[in-house]
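Here the structure comes first, spelled out in structure tokens, and everything after it is commentary.
Chain naming here is simple, since letters A, B, ... match the order of the sequence lines and numbering starts at 1 in each.
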Amino acid sequence: MAQAGAGSLPAMMVGMTEGKQSGKEHKQDHKAKQYGVTPQSEDFNDWYNEVVKKADLADHSPVAGAMVVKPYGTALWERIQRGLDDRFKATGHQNLLFPTLIPMGFIMKEADHVEGFAPELFTVSKIGTEELAEPYVMRPTSETIIGHMWSGWLNSYRDLPFLHNQWGSVFRAELRTKPFLRTSEFFWQEGHTAHASEAEARAEVRQQLDEYHSFCRDVLALPVVRGEKTASERFAGAENTYSIEGMMRDGKALQSGTSHYLGQNFSRAFEVKFQTAEQREEFAYTTSWGLSSRIIGALIMTHGDDFGLMLPPNIAPIQVVIVPVGRKEDFAQMVEEARRLAAELEREGIRVKVDDREGLTNGFKYNDWELKGVPVRIELGPRDLEAGQLVVKNRTSEDKETLGRVDAVTSMDARLDGIQRYLYERAKNFMLENTVTVDTYDEFKAAIEAGKWVRAFHCGDPESERQIKEDTKATARNVPFDDAEFFADREEGVCVHTGKPAAYGKRLLFGRQY
RNA sequence: CGAGGCGUAGCGCAGGCCGGUAGCGCACUUGGUUUGGGACCAAGGGGUCGCAGGUUCGAAUCCUGUCGCCUCGACCA
């Protein structure tokens, strides 16, 4: 019975595998069906674009490089927002909202900042037909206007720290775009804080990066490497930039969140100063940190497979989908039963959806929910009802299980936890297996060419980094922290590129990147 | 923004070289038969051929421009 269905699975898997290997015609087949996607191994780009579209995450808008995030994608983003927002609040941060339009002059006030952002600014120079005396820019980030406002709000050290965060979107013109990964407008959170001392500001920078890290690990099941960016990869206007880097299933790195120590650069430019307890005047020490909707791209590319998305239960908008099966005359009753079951699962705190769509075959529904990455599917039919059992299938497994109904409900939470852990372990192992340690430039090039991450010594010279990028398209992702759980060992050596003594006292992580 | 490719029904495509008023598969609607891994039969609905100009008696087709998407490059989260 249930085994009959499970029995035909391997045949289908083989079919999919053949499709991978024999080229164009099969690719057309994948595309022709509304719910099939090009296998990852055949064309990772096509796979990604098709998953985004067919899983109903996002769609292209008529505006160049600006996407529309559809309800399913937005549900995902909202869950990410809520998770992060709770964490920010728990550490004393407050949300506020700044204008999208920033006076052009503000951007000009911090030298590195201007230089970094000038090429990608959208500018508003008219209202109606009236030319503006001073144009606005669409914010590429909000350090400047926040600095401007802070200068008016800050008098005494007693006012500090400012622990602010804004949820919104920013604009950075992109000539080459990709949904979630690189769009001209993107959605994010930008935290901005001001402190009375460098030490406190630095602690904040680290705290928020760690927050991103644990959120990625525990909620998104994304293993990420915490570390500091090299000088050439630093945020425009920052003293130090730190990042979390994740590995996608094509071996490329994705910077998944950043945190910056801005020192007094912006506070000087915007006169964000205060009186100390000793009655001296001092500029505030500021930070900023951001995580964007790009993280959805990380979820897609870290966990997804040839069947589509695979969402970690802790973030999945729908954790369990119930598909009522059986003959037409039983369907209405099965839907009833499925709703009853859904209510039981909801009482366990689980997010459930009953697929009560009529006229679609079960197989179609199974594929549909697999494409959308729902972690667990339950099949409920007359036979199950009679036997007091359910057929349960994890998105992460090929096998169906037949379980007693009560057990299935009470063990669902543990099952979801298991899937969550499995996804993290799988991604972690993938990252570790695809990272190699090298000591020669030839090995370096070969490893990058093979789509790996590379751990290598570097002299710290930006010109050498530039050269490496030109040769290999790989950049220094970051210098892992001493207490990063991956790649943290301190070592001495010589630069893999120049042969000069290595900087940083450890190997850097290099890779091609999104 | 440079080079290349592509825009024809919701999706995937054919037609274009050789101009004559648009077609296929899937999806959709209705009816019937089905239903535990992408159903079947029958009858239907849906397209100013991305947009704007031009050439022509006539343009999906030829020409020019423009917008958008994809790949590579330069730039970036």
Side-chain angles (χ1 to χ4, degrees), chain A residues 1-13 15-16 27-38 43 45-46 48-50 53-54 59-67 116-120 140-141 170-188 190 229 233 235-236 241 243-245 253-258 260 289-295 297-298 307 323-331 334 358-371 377-384 390-391 393 398 400 402 469-470 473 475 513-514:
Chain A
M1 29 194 290
Q3 275 65 26
S8 65
L9 234 180
M12 179 176 152
M13 301 290 291
M16 294 296 285
K27 188 162 163 179
Q28 303 288 349
D29 289 348
H30 297 302
K31 288 185 173 178
K33 301 202 174 189
Q34 192 178 341
Y35 290 89
V37 292
T38 299
D43 189 323
N45 275 307
D46 282 357
Y48 180 84
N49 287 325
E50 289 169 25
K53 201 147 196 179
K54 293 179 176 177
D59 200 359
H60 292 292
S61 78
V63 180
M67 64 178 167
F117 284 109
E120 43 193 354
T141 178
V170 286
F171 298 81
R172 299 177 189 177
E174 284 294 343
L175 301 165
R176 192 170 170 188
T177 64
K178 189 164 222 179
F180 295 112
L181 297 179
R182 202 184 298 105
T183 48
S184 285
E185 178 180 6
F186 59 92
F187 304 92
W188 79 345
E190 50 179 320
K229 287 291 198 183
E233 299 280 320
F235 174 74
T241 287
S243 73
I244 51 174
E245 303 281 337
L254 184 74
Q255 178 175 305
S256 306
T258 51
H260 314 289
W289 26 276
L291 184 144
S292 76
S293 44
R294 177 177 241 203
I295 201 77
F307 294 95
V323 180
V325 300
R327 297 170 185 288
K328 192 178 195 175
E329 52 269 33
D330 298 324
F331 189 73
M334 288 310 120
E358 289 181 61
L360 294 175
T361 62
N362 303 315
F364 184 93
K365 291 180 179 181
Y366 300 161
N367 284 287
D368 188 23
W369 293 113
E370 281 165 13
L371 177 56
R377 178 181 83 234
I378 296 177
E379 298 168 26
L380 174 61
R383 281 174 255 165
D384 302 311
L390 297 170
V391 174
K393 182 180 171 302
E398 292 174 15
K400 296 186 187 188
T402 302
K469 185 177 179 185
E470 198 175 305
K473 292 192 270 192
T475 53
Q513 67 293 143
Y514 276 100

Sugar-phosphate, base or nothing in reach of [X], heavy atoms under 4.0 Å:
X         : result
Thr177(A) : sugar-phosphate
Thr183(A) : base
Glu174(A) : base
Glu379(A) : base
Pro119(A) : nothing
Asp330(A) : nothing
Gly297(A) : nothing
Phe186(A) : base
Lys229(A) : nothing
Leu291(A) : nothing
Lys178(A) : sugar-phosphate

On a heavy-atom basis, which atom in Glu174(A) and which in Thr183(A) lie closest, and how many Å separate them?
CG-O, 3.8 Å
Counter-base of [N], judged by Watson-Crick or G-U geometry with both distances under 3.5 Å:
N      : answer
G44(B) : C28(B)
G68(B) : C6(B)
G23(B) : C13(B)
U61(B) : none

Within 6.0 angstrom of Glu358(A) CD, more than 12 heavy atoms from elsewhere:
no
Looking only at side chains, do Ser243(A) and Gln255(A) share a donor and an acceptor under 3.5 Å apart?
no
Looking at [N], I'd like to know if its phosphate oxygens (OP1 or OP2) sit under 4.0 Å from a side-chain N or O belonging to [X].
X         : N      : result
Asn49(A)  : C69(B) : no
Lys328(A) : G32(B) : no
Arg327(A) : U35(B) : yes
Lys469(A) : C75(B) : yes

Distance-only donor-acceptor test, [X] side-chain atoms vs [N] base atoms, 3.5 Å:
X         : N      : result
Glu370(A) : G37(B) : yes
Asp384(A) : G36(B) : yes
Asn367(A) : G37(B) : yes
Lys400(A) : G37(B) : yes

RNA chain B: 5'-proximal contact among Phe235(A) and Tyr366(A) (nearest heavy atom)
Tyr366(A)
Closest-nucleotide 5' rank along RNA chain B - winner of Leu360(A) and Gly381(A):
Leu360(A)
Write down the distance between NE2 (His60(A)) and P (G10(B)), rounded to a whole number of angstrom.
16 Å
Side chain of Ala64(A) only, heavy atoms from C-beta on: which candidate in C70(B), A74(B), G68(B) is closest?
G68(B)
Checking C28(B), G36(B), C1(B) against the side chain of Asn362(A) (C-beta onward), the nearest is G36(B)
What residues form a ring-ring contact (aromatic ring centres under 6.0 Å, His included) with Phe180(A), not counting sequence neighbours?
none
